[in-house]
Amino acid sequence: MALFQSNNPVLKQSVFDKAPHIAGEAMTIRGTVNKMSFMLLMLMAAAVFSWGEFSRGGTAVLPLAIGGAIGGFILAMVIIFKKEWSPYLAPAYAIAEGLFLGAISAMFESQWNGIVLQAVGLTFGTFIAMLILYRTGVIRATERFKSIVFTATLGIGIFYLIAIVLRLFNIEMPLIHSSGTFGIVFSLVVVAIAALNLILDFDMIEQGAAQGAPKYFEWYASFGLMVTLVWLYLEILRLLSKLNRR
């Protein structure tokens, strides 16, 4: 059942199982929180920069968005396969994602005033709510729970992949962009699945600390959690845009 320990490929159980145990240099929850906070600050700083480029009408905003998205994807792939490099690449990933999110957020804000503040608030509100539910034991990361979330996330990933391929042939998947009832319901489901990923991420971070994973796993785990948060924010932003178009 190791496959279902986390649907986030960054934080699978096998990753922790294969990690060498180094005396005095073990991963801690506090250390992971500190590094995650640092990465969030870097992401926000980069986002403010690219947002400013958009506000000033700079021609660099599109390259920043595209470069951030592509750069973030490449860095993520490298980190997943070279996790010991995460102390150096995870901050770079945060910057790349910040450049992308800042530009995208500015574009949404230019169409619907206040939508970004709402999306940020809902993202962090969801994060806090999921953390409370996890810490109080209201939602437990059981094997059945993990398998359901994994399957649902895999299904969403396949659906988005098909949508990307169809878009190359000028065919749009209506559920992704539609502001109708079914489009909104679809976005609500995706947001819910993204939120449930946080439960699995919290569980894996706790397990990694309990098992004495190497110190650099604090960066690796922070990176994995940021992957989920970025996904959650983008889905909430998409949902709010649909609601504003109704």
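Only heavy atoms go into these numbers, but all of them, side chains included; no hydrogens, no water, no symmetry mates.
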**Student:** For a side-chain contact (heavy atoms from CB on, under 4.5 Å) check, start with the C-alpha distance between Phe54 and Ser110, then their side-chain angles and the critical distance, and finish with the verdict.
**Tutor:** CA-CA 10 Å; Phe54 181 89; Ser110 66; 3.9 Å; yes
**Student:** Take a 6.0 Å sphere around CH2 of Trp112 and say whether it holds more than 12 heavy atoms from other residues, nucleotides or ligands.
**Tutor:**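 Yes, enclosed.
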**Student:** Is a salt bridge present between Asp203 and Lys146, judged by a nitrogen-to-oxygen distance below 4.0 Å?
**Tutor:**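 Yes.
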**Student:** If you define the side chain from C-beta out and look only at heavy atoms, does anything of Ile139 sit under 4.5 Å from Phe145?
**Tutor:**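 They are in contact (side-chain heavy atoms under 4.5 Å apart), so the answer is yes.
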**Student:** Take atom CZ in Phe73; do more than 12 heavy atoms of anything else shown fall under 6.0 Å from it?
**Tutor:**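 Incorrect, the count does not exceed 12.
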**Student:** To the closest 0.5 Å, what do you measure between CD1 (Ile148) and CG (Leu196)?
**Tutor:**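 Ile148 atom CD1 to Leu196 atom CG measures 10.0 Å (nearest 0.5 Å).
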**Student:** Please report the shortest heavy-atom distance between Gly208 and Met27, naming the atom on each side.
**Tutor:**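 It is C-SD, 3.8 Å.
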**Student:** Where is the tightest heavy-atom contact between Pro91 and Pro87, given as atom of each residue plus distance?
**Tutor:** CD-O, 3.5 Å
**Student:** Might you point out which heavy atoms bring Gly71 and Ala96 nearest each other, and give the distance in Å?
**Tutor:** C-CB, 4.2 Å
**Student:** Please check if any side-chain donor atom of Tyr93 sits under 3.5 Å from a side-chain acceptor atom of Ser86, or the reverse.
**Tutor:**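 No - no donor-acceptor pair under 3.5 Å links their side chains.
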**Student:** Is it possible for you to say whether Ile164 and Ile156 belong to one hydrophobic cluster, with membership spreading through side-chain heavy-atom contacts below 4.5 Å?
**Tutor:** no
**Student:** Run the numbers on Leu200 and Phe150 for side-chain contact (heavy atoms from CB on, under 4.5 Å), then give the verdict.
**Tutor:** CA-CA 10 Å; Leu200 302 190; Phe150 174 85; 5.9 Å; no
**Student:** So do the side chains of Met44 and Leu41 get within less than 4.5 Å of each other, counting heavy atoms only?
**Tutor:**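 Of all side-chain heavy-atom pairs linking Leu41 with Met44, at least one is under 4.5 Å.
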**Student:** Measure the spacing between CZ of Phe202 and CE of Met130 and express it to the nearest 0.5 Å.
**Tutor:** 8.5 Å
**Student:** So if I apply the side chain to side chain contact (heavy atoms under 4.5 Å, CB included) rule between Ile236 and each of Val120, Val191, Val190, which one comes out positive?
**Tutor:**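 Single pass found, and it is Val191.
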**Student:** Under a plain distance cut-off of 3.5 Å, with no hydrogens placed, do Thr228 and Asn197 share a side-chain donor-acceptor pair?
**Tutor:** no
**Student:** Report the distance from atom CD1 of Ile115 to atom CD of Glu109, rounding to the nearest 0.5 Å.
**Tutor:** 7.5 Å
**Student:** Determine the minimum heavy-atom distance between Ile205 and Ala221, stating which atoms define it.
**Tutor:** CG1-CB, 3.9 Å
**Student:** Run the numbers on Met77 and Lys82 for side-chain contact (heavy atoms from CB on, under 4.5 Å), then give the verdict.
**Tutor:** CA-CA 8 Å; Met77 292 299 101; Lys82 287 289 185 179; over 6 Å; no
**Student:** Each residue besides Ile29 in its hydrophobic cluster should be listed here, by chain and number; the cluster joins Ile, Leu, Val, Met, Phe, Trp and Tyr at side-chain heavy-atom distances under 4.5 Å.
**Tutor:** Val33
**Student:** Taking the side chain as everything from C-beta on, heavy atoms only, tell me whether Leu198 gets closer than 4.5 Å to Leu131.
**Tutor:** no
**Student:** Does atom CZ of Arg245 have more than 12 heavy-atom neighbours from other groups under 6.0 Å away?
**Tutor:**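 Buried by this count: over 12 neighbours within 6.0 Å.
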**Student:** Kindly state whether the ring of Phe217 and the ring of Phe223 have centres lying under 6.0 angstrom apart.
**Tutor:**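 That pair fails the under 6.0 Å test.
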**Student:** Let me confirm one number: the CG-CG distance from Leu229 to Leu43, rounded to the nearest 0.5 Å.
**Tutor:**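 The CG atom of Leu43 is 9.5 Å from CG of Leu229, to the nearest 0.5 Å.
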**Student:** Compare all side-chain heavy atoms of Met39 with those of Glu97 and state whether any distance is below 4.5 angstrom.
**Tutor:** no
**Student:** If Ile, Leu, Val, Met, Phe, Trp and Tyr residues are connected whenever their side-chain heavy atoms lie under 4.5 Å apart, and connections chain through other members, are Val48 and Leu40 in the same group?
**Tutor:** no
**Student:** Could you check if a side-chain atom of Leu225 sits within less than 4.5 angstrom of a side-chain atom of Phe127, using non-hydrogen atoms only?
**Tutor:** yes
**Student:** Is there side-chain contact between Ser50 and Phe100, with heavy atoms separated by less than 4.5 Å?
**Tutor:**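 Heavy-atom side-chain distance check fails, nothing below 4.5 Å.
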**Student:** Looking at every heavy atom in both Val61 and Ala103, which two are closest together, and how far apart are they?
**Tutor:**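 So the minimum-distance heavy-atom pair works out to CG2-CB, 3.8 Å.
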**Student:** If you apply the rule side-chain contact (heavy atoms from CB on, under 4.5 Å), what do you find for Trp51 with Ile104, and how did you get there?
**Tutor:** CA-CA 8 Å; Trp51 181 299; Ile104 292 297; over 6 Å; no
**Student:** Consider only side-chain heavy atoms of I, L, V, M, F, W and Y, link residues closer than 4.5 Å, and tell whether Leu188 and Val149 are in one cluster.
**Tutor:** yes
**Student:** If hydrophobic clusters are built from ILVMFWY residues whose side chains come within less than 4.5 Å, do Tyr88 and Met226 share one?
**Tutor:**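 Different clusters: Tyr88 never reaches Met226 through Ile, Leu, Val, Met, Phe, Trp or Tyr contacts under 4.5 Å.
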**Student:** Report the relative orientation of the aromatic rings in Phe38 and Trp219; use parallel for angles under 30°, tilted for 30 to 60°, perpendicular for over 60°.
**Tutor:**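 Ring orientation of Phe38 relative to Trp219: perpendicular.
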**Student:** Do Arg238 and Phe108 come close enough that some side-chain heavy atom pair is under 4.5 Å?
**Tutor:**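 With C-beta onward as the side chain, the pair stays apart.
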**Student:** Once you round to the nearest 0.5 Å, how far does CG of Leu75 lie from CD1 of Ile95?
**Tutor:**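 These two atoms lie 9.5 Å from each other.
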**Student:** Could you name each residue pair satisfying salt bridge (charged side-chain N to carboxylate O under 4.0 Å, His left out) that touches residues 217-226, not counting sequence neighbours?
**Tutor:** Lys35-Glu218, Lys215-Glu218
**Student:** Can you tell me if Glu84 and Tyr220 form a side-chain donor-acceptor pair at under 3.5 Å?
**Tutor:** no
**Student:** Find out if a path of hydrophobic residues (ILVMFWY) with successive side-chain heavy-atom gaps under 4.5 Å connects Leu154 to Leu161.
**Tutor:** no
**Student:** If you define the side chain from C-beta out and look only at heavy atoms, does anything of Trp85 sit under 4.5 Å from Ile79?
**Tutor:** no
**Student:** Please check: side-chain N/O of Ser147 versus main-chain N/O of Arg144, any donor-acceptor pairing under 3.5 Å?
**Tutor:** yes
**Student:** To the nearest 0.5 Å, tell me how far Leu237 CG sits from Leu122 CG.
**Tutor:**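 So the gap between those two atoms works out to 10.5 Å.
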